[in-house]
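Order of appearance sets the numbers: ligands from 1, and atoms from 1 within every ligand.
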Amino acid sequence: MLNVVIFGPPGAGKGTQSKFLIEKYNLMHISTGDILRVEIAEKTQLGLKAQELISQGKLVPDEVVIGMIQSAILKNKEVAGFIFDGFPRTLFQAKALDRLLEENNLKVDKVLFLSVDKEELIKRLLLRGKESNRPDDQDENIIRNRLDVYFDNTFPLIEFYKEQNKVAEINGVGKIDTIKEDISKEIDEIK
Ligand code: AMP
């Protein structure tokens, strides 16, 4: 199995690159943001709780997303590997992911870190908000909150993974095809 974390701030292109990776390497895409948006659309109890936090640009509780990841791993034992998108976002989540994978004799093989500067991210997210109707992409204040949450809580995880020699930093600005090629090189190296 090949398990990849696609890491980076909101708007870095994690979703776009994940789509390419699942096709090329036959991986299963697990995006906690996508799963939460389905819960919201279906107006489940979890969705209603999450909606309030998401609309303010805050994180949903660790236990909630860890539970979602756990059931996705258990339900998909036959896949060639996972691509984790938007998860982990805290050190607690990263440690939980290691534990969940370990319980299934698996591990994180690579962390692809898409780096993009803050002003470019704000531009991209506002554009995505216009095109997609995602409420958390519409308002610049919420976008700035999400980026603050990213830089305060999530970005430090890079150190956790660097200590394990798992990080490949990829320039997330430029042609999508060039970024795809850079990512492919990294994955082909560990295959
Ligand atoms: P995303 O689509 O990954 O940008 O996620 C959208 C929103 O869902 C985030 O701003 C958070 O409010 C919530 N969310 C998604 N993944 C996580 C996570 N791993 N931990 C906490 N909250 C999350």
Quick check: does any side chain N or O of [X] sit under 3.5 Å from a backbone N or O of [Y], one acting as donor and the other as acceptor?
| X | Y | value |
| --- | --- | --- |
| K166 | V108 | yes |
| D85 | H29 | no |
| Q17 | G13 | no |
| N3 | G81 | no |
| R146 | D136 | yes |

Give the contacting part of [X] toward ligand 1: side chain, backbone, both or neither, where contact means a heavy-atom distance below 4.0 Å.
| X | result |
| --- | --- |
| L59 | both |
| R37 | side chain |
| Q56 | neither |
| V60 | both |

Which of the numbered atoms in ligand 1 are below 4.0 angstrom from a heavy atom of [X]?
| X | result |
| --- | --- |
| R134 | 1 (P), 2 (O), 4 (O), 6 (C) |
| L36 | 8 (O), 13 (C), 14 (N), 15 (C) |
| K58 | 11 (C), 12 (O) |
| Q93 | 18 (C), 19 (N), 20 (N), 21 (C) |

**Study point:** Candidate pair K58 and N145, rule side chain to side chain contact (heavy atoms under 4.5 Å, CB included), full reasoning
**Key:** CA-CA 7 Å; K58 293 181 182 164; N145 274 353; over 6 Å; no

Do [X] and ligand 1 have an N or O pair less than 3.5 Å apart?
| X | answer |
| --- | --- |
| I54 | no |
| D136 | no |
| G86 | yes |

Check your understanding: Would you call the rings of F7 and F113 parallel, tilted or perpendicular, where under 30° means parallel and over 60° means perpendicular?
Key -> perpendicular

Check your understanding: Are M1 and V79 side-chain neighbours, meaning at least one heavy-atom pair lies under 4.5 Å?
Key ->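 The answer is yes; the side chains approach within 4.5 Å.
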
Point to revise | Minimum-distance protein heavy atom relative to atom 18 (C) of ligand 1 | key: R89 CD, 3.4 Å

